[in-house]
Amino acid sequence: MGQNENKSKRKMWTAIIAAAVVVVGLCCVLILTLSKGCTKKADSIDLDPARSGQSDTTGVESEIDENLVQLTPEFIDAIKKYDDLSLFSEGYAAVCKNGKWGYIDKTGQEVIPCKYDWANPFHEGLASVRFSYDSGYGFIDTTGREVIRHRREIEVPGEFSEGLVVVKNEFNDHFFVLDKEGRKVFQGSYGKGSYAPYSSFGMMPYAAPIYIEKFIDGKLYIPKGESGYNVYDTKGNKVKEVSDSEMEQITKRATAGQAQTFTHTLYTDKMYGGMMGEIVLWGVKDANGKIIVPAEYDKASIYFEPEKIDLTNGVIPVVLIEYSGISYMSEWLGICPDDGSVEHYGYVDLKGNDTFSKGLKERCKKSRLRAIELYKATVAAEEAEAEAARAVAEGSKAVTNALADDEAVPAVDEAAQWADEY
């Protein structure tokens, strides 16, 4: 009897425990289900508003987009050691320290040592670099390994596109097409005439490309001379010719296809403008024309036309100048900061955050305004001096003319008398 009672109690407790386990399990499942339903993953920034349907591409994210550079305190501190910074491309940016160039990654860490005399952006995992100005260029991968050795014949390197790159010789009259192993696929020559190859690097602005000197849908367009282009396939076969107007449309379509890269534009706000030149500040507008970065930077990484920005990694290299003064340089350069001025390089993101301290920004702003006022005063003094000189010159001319008139009276009278006699 006692044994049966004990067995009954054990069965009862076993059933209770089993039921409790089931209840706990069901509760856990329910909690997980509810948490998934209530927690919505924040969308990452889509730099193309046409795709995202958003009017403002600078919305706050709850999760970090791994493709974008984050301006963290660690990143800002890491880039302070560099004298020059350039645009990020494929997660890397060329940086300069003590006159030599290397590369940092998106965290600001130097991943390829600063040992090159020049370094260009990465395209399709390869970047052109040169050790010295008489060595020619070579190409390295993102680990710094030299994939295509330096050659003197590579004096003007292009950027890889569709697995191929166009490079030129030192005379800039012949081109060579190389693959990613450095093998020469084919070569050719340019027609005689002016042309503007597609190129840009760092803070250096270049005129807009008349054409894109890289492969587009398996085609390479090389200028014939003053007008027209020869079209080659990836094997070097000439397939056709196109006119300048056709090339312009091809270039526009190729640029428009870079929707994620080119959605924002730079704009300027004139600080000072005169006959001798002007000073402008740069800011950023989104695809809808909304200002997202106020115009407060002296330089930005730009193309002149169109003023589009590469936003692949979400930041733009910018410069603040601490002015010691302003001088007129030339008709082409206009007015520029004096030699004693200091350039401070940094980055700004799409939310208007930058890598400069408030103190530095205020100091540069004050120096800029002071330099403009001093320059305006100098120009006014020079104009006043020139006006005084003109007044003196006009007075001298009037006296000279008066004297000339007095001497001319007897001669006129004599001529009139002679006319009457005859």
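Both backbone and side-chain heavy atoms feed into the values below; hydrogens, waters and symmetry mates do not.
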Problem set entry | Exercise: do His344 and Glu322 side chains pair donor with acceptor under 3.5 Å | yes
Exercise. Any side-chain heavy-atom pair from Ile335 and Ile279 closer than 4.5 angstrom?
Worked result: yes
Exercise. How about Tyr229 and Tyr221: are their ring centroids closer than 6.0 Å?
Worked result: no
For this session: Look at the aromatic rings of Phe186 and Phe215 and report parallel, tilted or perpendicular, splitting at 30° and 60°.
Result: perpendicular
Exercise. Do Leu281 and Arg368 have side-chain heavy atoms sitting under 4.5 Å apart?
Worked result: yes
Exercise. Counting distance only, does the side-chain N/O of Glu124 pair as donor-acceptor with the main-chain N or O of Glu162 below 3.5 Å?
Worked result: yes
For this session: Starting from the C-alpha separation in whole Å, work towards a yes-or-no answer on ring-ring contact (aromatic ring centres under 6.0 Å, His included) for Tyr92 and Tyr103.
Result: CA-CA 6 Å; Tyr92 301 89; Tyr103 293 88; 7.4 Å; no
Exercise. Hey, is NZ on Lys184 packed in by over 12 heavy atoms from elsewhere, all under 6.0 Å?
Worked result: yes
Exercise. Is Leu369 close to Met271 at the side-chain level, that is, under 4.5 Å between some pair of heavy atoms?
Worked result: yes
Problem set entry | Donor-acceptor contact present, side-chain Asp244 to main-chain Met247, <3.5 Å | no
Problem set entry | Residue pair Glu90, His123: steps toward the side chain to side chain donor-acceptor pair (under 3.5 Å) verdict | CA-CA 7 Å; Glu90 299 185 1; His123 293 280; 4.9 Å; no
Exercise. Would you find more than 12 non-hydrogen atoms of other residues, nucleotides or ligands less than 6.0 Å from Glu385 atom CD?
Worked result: no
Problem set entry | Polar contact flag, side-chain donor to acceptor under 3.5 angstrom, Glu110-Tyr82 | yes
Exercise. Hey, does the side chain of Asn288 reach the backbone of Lys290 with a donor-acceptor pair shorter than 3.5 angstrom?
Worked result: no
Seminar exercise, completed: Which of Val318, Asp77, Ile76 passes side-chain contact (heavy atoms from CB on, under 4.5 Å) with Thr355? Answer is Ile76
For this session: Let me see the working for Ile222 and Phe175 under side chain to side chain contact (heavy atoms under 4.5 Å, CB included), right down to the final yes or no.
Result: CA-CA 9 Å; Ile222 297 295; Phe175 69 90; 3.9 Å; yes
For this session: Compute the ring centroids of Phe139 and Phe160, then answer whether they are less than 6.0 Å apart.
Result: yes
Exercise. Can the positive tip of Lys285 be found less than 6.0 Å from the middle of the six-membered ring of Tyr267, inside 45° of the ring normal?
Worked result: yes
Exercise. Any side-chain donor-acceptor pair under 3.5 Å between Glu246 and Ser243?
Worked result: yes
For this session: Please step through side chain to side chain contact (heavy atoms under 4.5 Å, CB included) for the pair Ile326 and Leu374, ending with a clear verdict.
Result: CA-CA 8 Å; Ile326 298 172; Leu374 289 174; over 6 Å; no
Exercise. Taking the side chain from Asp233 and the backbone from Lys235, do they hold a donor-acceptor pair closer than 3.5 Å?
Worked result: yes
Problem set entry | Non-hydrogen side-chain atoms of Lys100 and Lys115 separated by less than 4.5 Å | no
For this session: Measure the shortest side-chain to side-chain distance between Val315 and Leu71 over non-hydrogen atoms and say whether it is less than 4.5 angstrom.
Result: yes
Problem set entry | Side-chain donor-acceptor pair present, Asn230, Lys238, cut-off under 3.5 Å | yes
Exercise. Is there a side-chain contact between Glu296 and Asp269, using heavy atoms and a 4.5 Å cut-off?
Worked result: no
Exercise. More than 12 non-hydrogen atoms from neighbouring residues, nucleotides or ligands closer than 6.0 Å to CG on Asp217, yes or no?
Worked result: no
For this session: Can you measure from OG (Ser341) to CD (Glu343) and round to the nearest 0.5 angstrom?
Result: 8.5 Å
Exercise. Are Tyr137 and His150 an aromatic pair by the rule of ring centers under 6.0 Å?
Worked result: no
Exercise. Does a side-chain heavy-atom distance below 4.5 Å link Ile291 with Val284?
Worked result: no
Problem set entry | Polar contact flag, side-chain donor to acceptor under 3.5 angstrom, Tyr375-Glu373 | no
For this session: Identify whether the distance between the nearest side-chain nitrogen and carboxylate oxygen of Arg183 and Asp179 falls below 4.0 Å.
Result: yes
Problem set entry | Test side chain to side chain donor-acceptor pair (under 3.5 Å) applied to Tyr347 and Asn353, step by step | CA-CA 8 Å; Tyr347 292 98; Asn353 304 313; over 6 Å; no
Exercise. Does a sphere of radius 6.0 Å around NZ in Lys81 hold more than 12 heavy atoms from other residues, nucleotides or ligands, not counting ones at 6.0 Å or beyond?
Worked result: yes
Problem set entry | Asp117 versus Ser132, side-chain donor and acceptor atoms under 3.5 Å | no
Seminar exercise, completed: Result for side-chain contact (heavy atoms from CB on, under 4.5 Å) between Val95 and one of Ile112, Leu85, Asp84 points to Leu85
Exercise. Would Lys361 and Arg363 count as a side chain to side chain contact (heavy atoms under 4.5 Å, CB included) if you check the C-alpha gap in whole Å, the side-chain angles of each, and the deciding distance to 0.1 Å?
Worked result: CA-CA 5 Å; Lys361 294 173 76 170; Arg363 197 163 70 243; over 6 Å; no
Problem set entry | Test log, rule side chain to side chain contact (heavy atoms under 4.5 Å, CB included), inputs Val166 and Leu164 | CA-CA 7 Å; Val166 181; Leu164 299 170; over 6 Å; no
Exercise. How far does CZ of Phe122 sit from OG of Ser128, to the nearest 0.5 angstrom?
Worked result: 9.5 Å
Exercise. Given side chains that start at C-beta, do those of Ile154 and Leu178 come closer than 4.5 Å, heavy atoms only?
Worked result: yes
Exercise. Within a reach of under 6.0 Å around NZ of Lys180, are more than 12 heavy atoms found that belong to other residues, nucleotides or ligands?
Worked result: yes
Exercise. Looking only at side chains, do Tyr323 and Asp298 share a donor and an acceptor under 3.5 Å apart?
Worked result: yes
